[in-house]
Amino acid sequence: MPQVLTHLAEGVQTLTLNQPDKLNALSDQMMSELLQALRAAERDDAVHALVLTGAGRGFSAGADLTQSGPDDAMTDVGDALRSRYIPVVTRLHALDKPVLAAINGVAAGAGLSLALACDLRFAAESARVVVAFVRIGLVPDAGMLYFLPRLIGPGKTLELAWTGDPLSAAEACDIGMLNRVLPDEQLLGETQALAARLARGPRKAIALMKRAVSQTHELPLERVLELEAQYQTIAARDANFAEGVAAFREKRAPRFNA
Ligand code: LHQ
């Protein structure tokens, strides 16, 4: 039984974590399938955006604690992170195509980390987010300590990391962890619709914006101004710029990526 389901429509590859009995806990098999699916999406010229979601009532409950835990003498958790989690998180972040999380239910531990590594996060009204790690005596991992302070600031990050308390989707949205909260039945359709819209957009410019937004966190103003100038040179050489301006002047919708 595949633990990551794939579906391609309108340039959008939807990846569905599929171990619903365990709220899509991240087994070794699932992480390996997720990595393969991301590699394939990277290379596939028919894929222009990704949606990551979960089957059943959860998004993901984090590492599969029936598979890895303190009783597993063979497992160094650091090694497990390096071999299974880091390649996935790195790819989600580096992929030069928009990646949207549709958080359909609880996202906990490293399951929340995966959602945080996506570019945009839409959540169902009934979803919850739980940093969780402290509840089993661990520190946040799989990129959470990179992404969370950038989204919600250091104070809120420590509050959630130290308490491990759950937040409702509305609370998480209010503090900037999520982009939008949607009625449960609309979540996947709305997320896929925005992904399809981005898939139709000017690809080079959209990819450069993702890269720049990530890089600008580390740079002072003068370097960001220069980065913008360099990326704008690349975007402006792309045929989509000429098409966008022509469409504006002719008062019609642009036909990008022709
Ligand atoms: C699960 C899990 C789960 C397996 C629910 N595993 N079955 C750590 C170690 C190693 C390597 C790399 O990285 C990490 C990083 C981490 O991710 S550590 C954090 C791991 N995750 C957690 O600590 C969260 C554990 N789960 C929960 O706290 C709750 O299940 C949440 C808050 C997610 C949901 O609560 P409920 O909605 O009340 O659902 P539930 O607890 O009844 O769970 C439903 C089923 O899913 C249940 O199975 P059962 O057979 O009793 O129906 C759970 O045992 C199973 N499940 N999480 N991580």
Side-chain angles (χ1 to χ4, degrees), residues 1-20 22-56 58-64 67 79-104 107 110-122 141-143 146-147 187-211 213-214 238 240 256-258:
M1 170 88 123
Q3 291 193 356
V4 175
L5 308 176
T6 59
H7 173 75
L8 177 64
E10 294 186 72
V12 177
Q13 181 75 280
T14 299
L15 305 179
T16 304
L17 306 176
N18 185 38
Q19 203 186 188
K22 295 183 181 178
L23 301 176
N24 306 316
L26 305 166
S27 65
D28 292 350
Q29 182 191 336
M30 188 186 288
M31 292 308 285
S32 155
E33 289 181 17
L34 189 53
L35 184 60
Q36 293 312 316
L38 291 172
R39 282 197 181 129
E42 224 165 48
R43 290 189 302 261
D44 190 341
D45 286 339
V47 174
H48 300 296
L50 257 84
V51 170
L52 181 64
T53 192
F59 176 79
S60 171
D64 188 335
Q67 201 176 62
D79 284 346
L81 285 167
R82 285 182 201 99
S83 64
R84 290 178 216 127
Y85 288 73
I86 292 176
V88 166
V89 169
T90 309
R91 278 204 150 70
L92 285 170
H93 188 56
L95 195 77
D96 63 351
K97 307 175 185 187
V99 185
L100 288 75
I103 305 172
N104 52 300
L112 177 57
S113 302
L114 292 186
L116 294 172
C118 296
D119 303 316
L120 304 180
R121 279 157 296 286
F122 290 2
D141 64 21
Y146 177 89
F147 295 109
L187 173 74
L188 188 57
E190 292 273 323
T191 311
Q192 287 170 325
L194 180 67
R197 180 174 150 194
L198 298 176
R200 291 189 300 272
R203 284 176 202 140
K204 176 68 77 181
I206 282 176
L208 286 170
M209 283 186 256
K210 172 165 174 169
R211 198 187 303 168
V213 165
S214 162
D238 191 81
N240 283 320
F256 289 129
N257 313 309

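The structure places CZ of Arg84 at 12.0 Å from CG of Leu35, a figure rounded to the nearest 0.5 Å. Rounding to the nearest 0.5 Å gives a distance of 12.5 Å between CG of Leu208 and NZ of Lys210. Between the CD atom in Gln192 and the OG1 atom in Thr53 there is a gap of 8.0 Å [rounded to 0.5 Å]. Note that the OH atom of Tyr85 and the CG atom of Leu34 stand 10.5 Å from one another [nearest 0.5 Å]. Atom CZ of Phe147 sits about 9.0 Å away from atom SG of Cys118, to the nearest 0.5 Å. Distance check, rounded to the nearest 0.5 Å: CE of Met30 to CG of Asn24 gives 5.0 Å.
Side-chain atoms of Leu50 and Leu38, non-hydrogen and from C-beta on, do get closer than 4.5 Å to each other. Within the 4.5 Å cutoff, the side chain of Val51 has heavy atoms near those of the Leu188 side chain. Looking at heavy atoms from C-beta onward, Leu114 lies in side-chain contact with Leu26 at the 4.5 angstrom threshold. The shortest distance between side-chain heavy atoms of Thr6 and Leu15 falls below 4.5 Å.
The two residues Asn18 and Ala55 make their nearest non-hydrogen contact at OD1-CB, 3.6 Å. Between Ala199 and Gly11, the closest heavy-atom pair is CB-O, 4.1 Å. Taking all atoms of both residues into account, the shortest heavy-atom contact from Pro202 to Asn257 is CA-OD1, 4.1 Å. Taking each heavy atom of Leu17 and Ser60 in turn, the nearest pair found is CD1-CB, 3.9 Å. Heavy-atom minimum distance, Ala115 versus Phe59: CB-CE2, 3.8 Å. Ala142 and Leu81 make their closest contact through N-CD2, 4.2 Å (heavy atoms, listed as atom of the first residue, atom of the second, distance).
Looking at Asn240, its side chain never comes within 3.5 Å of a backbone N or O of Phe256 through a donor-acceptor pair. Between the side chain of Glu33 and the main chain of Gln3, a donor-acceptor pair closer than 3.5 Å is present. Gln29 contributes a side-chain N or O that, together with a main-chain N or O of Met1, makes up a donor-acceptor pair within less than 3.5 Å. Side-chain atoms of Asn104 come within 3.5 Å of backbone atoms of Gly54 as a donor-acceptor pair (strictly under, hydrogens ignored). Of the possible donor and acceptor atoms, none in the side chain of Ser32 sits under 3.5 Å from a partner among the backbone N and O of Asp28.
In this structure, Glu10 places its CD atom where only 12 or fewer heavy-atom neighbours from other residues, nucleotides or ligands lie under 6.0 Å away.
A search for salt bridge (Lys or Arg N to Asp or Glu O under 4.0 Å) contacts involving Arg203 returns nothing, not counting sequence neighbours.
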Please table the atom pairs, donor to acceptor, closer than 3.5 Å between any side-chain atom in residues 87-103 and protein atoms at least two apart or in another chain.
residue	atom	partner	partner atom	Å
Thr90	OG1	Ile86	O	2.5
Arg91	NE	Glu42	OE1	3.4
Arg91	NE	Glu42	OE2	3.2
His93	NE2	Ser214	OG	3.1
Lys97	NZ	Ala41	O	2.7
Lys97	NZ	Glu42	O	3.4
Lys97	NZ	Asp44	O	3.0
Lys97	NZ	Val47	O	2.9

